[in-house]
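To find a chain, count down the sequence lines: A is the first, B the second, and so on, and within it residues start at 1.
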Amino acid sequence: MSDQEDVVVKKEKKCIENIDENDEEPDDVDFKDSGKISSLKALGPFIAGKENSRNTVYLSDVPDICKDKPCMLGVDEAGRGPVLGPMVYGISYCPLESNKALEDLGCADSKQLTEGKRDIIFNDINTKEYATSCVGWAVEIISPNTISTSMYRRSKCSLNEVSMDSAMGLIQQAIDAGVNIAEVYVDTVGPPEKYQEKLLKRFPSFKITVAKKADSTYPIVSAASICAKVTRDHALKVWSFPEGLVIKDNEFGSGYPGDPVTRRFLTEYIDLVFGFPRLVRFSWSTAENALADKAYDMEFDEPDSEKPKYAGTKLTKFFKGTTKSGEIIREECRFFKQRHLESVMEF
Amino acid sequence: MSITLDFNGKNFAKGKNLDVHYLPAKIDGDGEANVKNYFNNYTREATEFGTGILTNALRGFPLMGEKLKVPEGYCGLVLQETEKPISDTSDRKLRLTGVFQDFTYWNYDKVPSNGDPYRQALPLPDVAQALSQPISEEDLEKEIARNKENVKEST
């Protein structure tokens, strides 16, 4: 485990050195004590301190101006498609007239942002006075364990539902924290009209826009996207395995099903009984197929949605037990059947 | 073939007290399982569902459970066969490798309740007792006497 931490620290140092070239002031904030993320380098330790099999929510301090002036709020997510690691929902908000701050941060750039550039912008959002004074953000790190258990419930809960609940939860927490929201811009999940309708039902007083590629169109959504992506990147960098495995983050790749490094990880780290470490989203077909090939088969009760509807006693019930010779095959008594009790002849 | 269960007082006392889980799944395999790191590690209390309710997951399937005791008057044994039988007719020998007084009972995405098949099965030892216990001569004589009384009354 100490090797893992050393590697993480080294990587963070590299990031910090890169950032320092652009910073005039040295960063001397002590982030471990406060539980607040006040710069990029505080993000990894914050995430590492949380339990990765459960969801984690973080809200930044709300700038005073965001409580007074009407604000726009952007919503986006990172890590929807990977089979490894968390999905992160992010929101970002600022007063309607603070577009200049977003432009200065680089959120209005139409180019695809690199990971390094996103890290710089994230650090600026949390350290530059012109940003901290008017921009706020929040994220929910949705654990892969939560994604799997939600999708495998008896009453299925789809990834879209998990996504929408997280987005609405973060918006509600921003409201509770005092943000004066007037407009909401959301990158869509599923059909935009349906999502917009759902959001309007929950937040009827807001002007709500749900659009595809909203992060390219609306700078405030781009800011939310950056917060979500940087958070997911760091969650993977600091991931520790309660299963006792020591795996560096470059050993499982990007987490996407098409990544050969990720596919090799899924092959090499299968446990015959338990399947995978819980970094893996078991409900993904990529994971299910890998288990079907190599691990023991495991069978649960059918979820409620797959049980047949009751349609009355079938006429064939009176005939199914009969063999050709006319003998009736006796069914087990219902008392024992319902209680999963049976006579054991072989073991 | 015969099956020998190899345990006596000494072995009984020596048997390891095991951490046993009753899982709501059928698994097609036999072998070691890294329960401590892959499963026990992740057991959490879920007080929002009641006192003593636990949560966990198995291959992504949500589990809800609680600690239960072995029924009074019974104890849990784990017997293991160390040598594979040569053929179907060979003698077999099972050795005691562990005992347990309680275990963790898990349901698939359902809070444990009296409606569970396991809880419903608990009266069976009493039923078995009633069906299987030997009848003493004294009880038999009483029953015969009672029958005679009934015959007299009906005439």
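The most heavy-atom pairs under 4.5 Å with chain B, out of A:Ser150, A:Pro144, A:Pro242, come from A:Pro242. Of the residues considered (A:Glu243, A:Glu51, A:Met151), A:Glu243 shows the highest number of contacts with chain B, using heavy-atom pairs under 4.5 Å.
Closest non-hydrogen pair, A:Leu341 versus B:Ala121, comes out as CD1-CB, 3.9 Å. Across all non-hydrogen atoms, the minimal contact from B:Arg59 to A:Ala295 is NH2-CB, 3.7 Å. The minimum heavy-atom distance linking B:Ala25 with A:Met298 is given by the pair CB-CG, 3.9 Å.
A side-chain donor-acceptor contact under 3.5 Å links A:Arg154 to the backbone of B:Tyr108. When atom types are taken as modelled, the side chain of A:Arg281 and the backbone of B:Gly60 share no donor-acceptor pair closer than 3.5 angstrom.
Environment of CD in A:Glu161: crowded, with over 12 heavy atoms of neighbouring residues, nucleotides or ligands closer than 6.0 Å. For B:Lys69, the NZ atom counts as loosely surrounded, since its 6.0 Å shell holds 12 or fewer non-hydrogen atoms of other residues, nucleotides or ligands. A 6.0 Å sphere centred on CD of B:Glu48 holds more than 12 heavy atoms belonging to other residues, nucleotides or ligands.
Atom CG of residue B:Asp109 and atom CZ of residue A:Arg153 lie 4.5 Å apart, to the nearest 0.5 angstrom. Here the OG1 atom belonging to A:Thr149 is positioned 10.0 Å from the CG atom belonging to B:Leu63, to the nearest 0.5 angstrom. Of the inter-residue distances, the one linking A:Ser53 atom OG with B:Asn41 atom CG reads 9.0 Å to the nearest 0.5 angstrom. Here the CZ atom belonging to B:Phe61 is positioned 5.5 Å from the CZ atom belonging to A:Phe300, to the nearest 0.5 angstrom. Atoms OH and CZ, from B:Tyr42 and A:Arg54 in turn, are 12.5 Å apart once rounded to the nearest 0.5 Å. Between the CZ atom of A:Arg339 and the OH atom of B:Tyr118 there is a distance of 13.5 Å, given to the nearest 0.5 Å.
Contact annotation: the side chain of B:Asn34 never approaches that of A:Val273 to less than 4.5 Å [non-hydrogen atoms, C-beta and beyond]. B:Leu58 places none of its side-chain heavy atoms less than 4.5 Å from the side chain of A:Phe282. Counting only heavy atoms from C-beta outward, the side chains of A:Phe274 and B:Val35 approach each other to under 4.5 Å.
Neither the backbone nor the side chain of A:Glu288 comes within contact range of chain B; no heavy atom of the residue lies under 4.5 Å from a heavy atom of that chain. Looking at A:Asp297, the atoms closer than 4.5 Å to chain B (heavy atoms on both sides) sit in the backbone and in the side chain alike. When heavy atoms are compared at a cutoff of 4.5 Å, A:Leu291 approaches chain B solely by way of its side chain, counted from C-beta outward.
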Throw together a table of side-chain donor-acceptor distances under 3.5 angstrom for residues 163-171 of chain A, partners on residues two or more places apart or in other chains.
from     : atom 1 : to       : atom 2 : distance (Å)
A:Ser163 : OG     : A:Arg80  : NH1    : 3.2
A:Ser163 : OG     : A:Leu159 : O      : 2.8
A:Ser166 : OG     : A:Glu140 : OE1    : 2.7

